[in-house]
A.B. asks: 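Handing you a structure now.
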Amino acid sequence: MTTENGFFVHRVAVIGLGLIGCSWVKGLRAQGGVGEVVGFDRNLDSMELACETGIIDRYATSPGAAVADADLVIVSVPILSVRPVLQALSASLPQHAVITDVGSVKGSVAADVKAVFGAGFGRFILGHPIAGSERSGVAAADEHLYCRHKVIITTEAHTDNTALQLVMQAWQAVGADVEIMSVGHHDEVLAATSHLPHLLAYSLVDTLANNHENKEIFNYAAGGFRDFTRIAASSPEMWRDIFTANREQLLATLDLFNKDLLQLREAIVQNDTTTLMGVLTRAKAARDHFSNILARRAFVEPMKTSSLSYLVQPAKCLSGTFRVPGDKSISHRSIMLGSLANGVTEVSGFLEGEDSLATLQAFRDMGVVIEGPHRGRVTIHGVGLHGLKAPANALYVGNSGTSIRLLSGLLAGQSFDVEMSGDESLSKRPMGRVADPLRQMGAIVETEEGGRPPLKIKGNQALKGIHYVLPMASAQVKSCVLLAGLYAEGSTSVTEPAPTRDHTERMLKGFGYDVQVDGSTVTIQSGGELTATSIDVPADISSTAFYMVGASIAPGSDITLQHVGINPTRIGVINILRAMGGNIEVMNEREVGGEPVADIRVRSAQLKGIHIPEDQVPLAIDEFPAIFIAAACAEGETILTGAEELRVKESDRIQSMVDGLNSLGVAAQGTADGAIIPGFGPEGSFGAGVIASHGDHRIAMSFSMASLRADAAIVIHDCANVATSFPGYVELANSTGLQLQIQGDVGGD
Ligand code: S3P
């Protein structure tokens with residue numbers, strides 16, 4: 001008999017019959033992975049109980065006797081007992097036997113192995129399961145303890161590969177995920193994530209218990225005290241051993257903590273509430289982020305979010321009056337300019353999507369105190385144009401092209417070096433378009449091959465203003481150059497080949513910065529200041545586009561979209577749908593904080609195919625996936641040209657849409673700079689199909705709307721990134737008429 005993964009050993013010896021070792025062999029037995037288990041423990045009762053409960057077959061009277069004839073030896077004793085145990089068994093260890101341990105510190109065990117077996121001994125595998133229980137001892141042994149838990153195995157240059165494979169298999173056989181690390185890295189990580197928190201918990205309880213005159217504190221210490229100090233009830237002997245064994249790493253992390261704690265103390269002494277809020281908001285954001293991971297199990301990577309799919313059943317029509325989340329472009333810019341302003345900027349309507357949150361986190365990482373977001377409200381304590389601090393690590397901006405491109409401009413003007421990276425999709429997108437003009441301004445920007453991220457930007461470069469003629473219509477590149485211009489000597493101007501969204505220009509003005517606009521050229525001078533303001537972010541017209549298309553194609557639909565940003569550089573989707581015969585009414589036009597806003601009523605209409613005017617392309621650049629769906633439902637052919645930019649978005653949107661339409665039975669064809677889409681007209685419908693969204697939020701949402709004209713279910717894969725721009729999409733879509741179910745794991749951080 002073997003386990004499912006083919007693991008089997010004839011005899012296992014377990015030295016130390018506690019929860020950890022017993023649970024492992026119990027699991028191995030349950031899986032049929034072991035012939036006989038021999039145990040040893042210095043406590044006779046434990047050995048007898050282990051026999052009675054069938055965890056071991058027999059016990060030995062010494063470690064040496066236990067390991068004779070063993071194929072696998074598991075040493076699961078407290079860290080400082082490892083060396084004496086190894087000394088006691090070394091003479092009896094069979095030549096072929098593989099030996100492993102389960103200790104929380106690996107450097108000290110590696111030293112013990114070297115001292116007892118000699119420097120090149122490769123058959124000892126240093127392991128550390130990240131699992132445990134409030135309970136301990138043989139009685140608590142649980143064969144499922146390691147199921148879906150991490151086990152870290154640390155290797156050294158002389159580690160024997162066959163022995164390593166055997167121990168890995170033995171862990172995998174009981175359901176564990178094995179991760180390999182170096183000894184030093186393991187001890188550093190564990191010092192910070194486990195050993196320091198335990199030290200602090202013990203220390204706090206001791207301080208309060210001993211030094212506090214008023215013992216009454218314990219009577220009222222139900223909440224924070226209890227939560228914070230739960231781990232101080234762990235085994236003192238075990239933790240004495242761990243603190244002693246991981247001395248160097250623990251001291252290093254303790255010193256860092258002491259330094260930060262003193263700074264916090266000083267902030268309290270000085271009544272410095274901004275610094276206090278900085279620490280608290282950064283810590284909360286970090287804790288919120290990690291709690292998802294922690295909720296699963298210790299040290300486990302978030303589930304690959306690509307496993308999230310949509311199953312959309314045919315639906316009839318859309319109806320209702322509602323507001324979609326805040327504008328993504330404006331949300332990004334509110335954080336950027338608010339951070340660089342003097343004073344406190346209040347933002348409402350902020351998009352709590354992953355992209356704009358990535359920008360928010362980047363500024364927190366650069367020392368800006370940002371409160372929220374809480375129901376779309378964000379308070380930014382601006383640090384001034386020269387107040388950013390070097391982040392401790394590379395800035396990670398996930399899926400967000402706007403973050404990386406706009407940030408590269410303003411980071412080029414800072415006094416520190418910085419690196420920016422992103423997810424798989426962003427790592428394929430072109431950054432040469434921002435690196436080129438920045439280099440002309442004197443910045444030092446390194447990219448990966450082909451101008452891809454990560455980007456490395458060198459600080460302390462004297463930038464000079466340039467006049468840049470954009471080679472493509474891109475608001476991100478325009479904004480990048482203008483933001484670098486805030487730090488460049490003299491004036492910086494950008495001329496665009498076609499109008500692109502002008503939120504940067506509008507918002508700079510809103511922050512009191514002088515911006516000259518002359519036809520297609522925008523100019524700014526350095527030397528000014530940004531003054532904090534308040535920003536009301538309107539609903540994102542790009543997010544309304546799915547609903548505008550859905551309501552247009554589904555007979556009987558009638559929706560009103562509230563408080564939508566209708567900046568003239570963004571209304572291509574309205575113009576195009578109207579040109580196709582769409583019934584779209586723009587009502588209640590008003591201006592909010594420098595941006596035009598309106599309510600938009602959309603009713604179903606008989607659409608007809610058109611050749612989309614090229615001047616509308618930059619004005620609807622993010623809306624084409626949705627427009628392709630409208631085109632497929634229209635009478636006659638729709639032709640798109642001049643839209644090659646679509647090929648370098650979150651996915652190649654021409655290809656993604658054409659492939660998806662083809663799989664639903666629409667013979668759309670891609671061209672170099674657009675597509676030709678035959679419409680099936682009022683009598684036609686989409687067939688059943690499976691769509692690859694390529695992790696592109698807009699592809700996923702667009703195809704969900706196709707269900708309003710489908711005669712069978714549509715499955716859309718890889719939809720997790722909808723959260724980058726449209727949190728709550730599924731709930732809203734269902735409440736307005738779609739029949740959308742989420743399938744797969746909703747994991748992710
Ligand atoms: C954006 C500009 C556009 C757009 C993107 C947001 C911005 O990108 O596609 O979603 O906020 O400036 P390009 O500048 O690459 O066209």
Side-chain angles (χ1 to χ4, degrees), residues 325-337 350-351 353-356 358-359 397-410 422 425-426 428-437 451-453 468 470-484 494 496-508 522 535 537-538 540-546 565 567 569-573 595 614-627 642-654 656 673 696-699 701-702 721-722 724-726:
D327 188 283
K328 183 151 76 75
S329 295
I330 299 177
S331 295
H332 279 297
R333 287 157 172 85
S334 70
I335 298 292
M336 294 180 190
L337 299 191
F350 180 79
L351 169 68
E354 286 173 8
D355 276 13
S356 36
T359 292
V397 296
N399 194 247
S400 178
T402 309
S403 307
I404 198 166
R405 293 206 179 110
L406 269 59
L407 271 168
S408 62
L410 66 87
S425 149
L426 190 68
K428 291 186 197 138
R429 295 180 66 187
M431 297 299 143
R433 55 178 59 197
V434 287
D436 290 345
R452 316 282 158 192
Y468 193 63
L470 287 180
M472 76 291 286
S474 166
Q476 291 179 350
V477 181
K478 172 176 67 174
S479 303
C480 163
V481 176
L482 291 175
L483 291 173
V494 182
E496 49 187 2
T500 67
R501 64 193 69 192
D502 61 357
H503 306 300
T504 304
E505 299 90 302
R506 285 177 189 252
M507 205 182 282
L508 279 168
V522 192
I535 297 170
V537 182
D540 197 331
I541 190 168
S542 297
S543 296
T544 67
F546 312 107
N567 180 311
T569 59
R570 298 284 298 280
I571 55 168
V573 62
E595 290 279 351
E614 286 197 10
D615 63 358
Q616 293 300 311
V617 170
L619 311 184
I621 193 68
D622 290 338
E623 286 66 75
F624 283 104
I627 292 169
E644 56 278 352
E645 274 296 301
L646 293 182
R647 294 208 179 268
V648 290
K649 294 293 179 188
E650 285 84 328
S651 69
D652 174 343
R653 285 187 174 156
I654 294 174
S656 306
D673 66 342
D696 185 331
H697 53 141
R698 301 201 195 280
I699 304 294
M701 289 185 275
S702 298
N721 279 339
V722 166
T724 59
S725 68
F726 205 137

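Ligands are counted one by one from 1 in listed order, and the atoms in each one are counted from 1 as well.
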A.B. asks: Need the ligand 1 atom indices (1-based, order shown) with element for anything under 4.0 Å from a heavy-atom of Ile621.
C.D. replies: 9 (O)

A.B. asks: With a 4.0 Å heavy-atom cut-off (strictly under), which part of Lys478 contacts ligand 1: side chain, backbone, both or neither?
C.D. replies: neither

A.B. asks: Output yes when the distance from some N or O of ligand 1 to some N or O of Leu406 is under 3.5 Å, and no in every other case.
C.D. replies: no

A.B. asks: Might you work through the side chain to side chain donor-acceptor pair (under 3.5 Å) test for Ser474 and Arg405, ending with a clear yes or no?
C.D. replies: CA-CA 11 Å; Ser474 166; Arg405 293 206 179 110; 5.7 Å; no

A.B. asks: Give me the residue, atom name and distance of the protein heavy atom closest to atom 3 (C) of ligand 1.
C.D. replies: Lys649 NZ, 3.9 Å

A.B. asks: Is it the side chain, the backbone, both or neither of Arg333 that has a heavy atom closer than 4.0 Å to ligand 1?
C.D. replies: side chain

A.B. asks: Examine Ser479 against ligand 1 and note whether any of their N/O atoms are separated by less than 3.5 Å.
C.D. replies: no

A.B. asks: Would you mind telling me which of Asp327, Asp622, Ile330 makes a side chain to side chain contact (heavy atoms under 4.5 Å, CB included) with Arg501?
C.D. replies: Asp622

A.B. asks: Identify the closest protein heavy atom to atom 2 (C) of ligand 1: which residue and atom is it, and at what distance?
C.D. replies: Gln476 CG, 3.5 Å

A.B. asks: Take Arg333 and Thr359 through the side chain to side chain donor-acceptor pair (under 3.5 Å) test and state the conclusion after the steps.
C.D. replies: CA-CA 9 Å; Arg333 287 157 172 85; Thr359 292; over 6 Å; no

A.B. asks: Can you tell me the protein heavy atom closest to atom 14 (O) of ligand 1 and the distance?
C.D. replies: Ser474 OG, 2.6 Å

A.B. asks: For the residue pair Val617 and Glu645, establish whether any side-chain heavy-atom pair is separated by less than 4.5 Å.
C.D. replies: no

A.B. asks: Taking Asp696's backbone N and O only, do any of them form a donor-acceptor pair with Ser651's side chain (distance below 3.5 Å, no angle check)?
C.D. replies: no

A.B. asks: Should Asp622 be counted as touching ligand 1, given the test is an N or O pair under 3.5 Å?
C.D. replies: yes

A.B. asks: Do the side-chain N and O atoms of His697 and Ser725 include a donor-acceptor pair separated by under 3.5 angstrom?
C.D. replies: yes

A.B. asks: With a 4.5 Å heavy-atom cut-off, do Arg698 and Ser542 have their side chains touching?
C.D. replies: yes

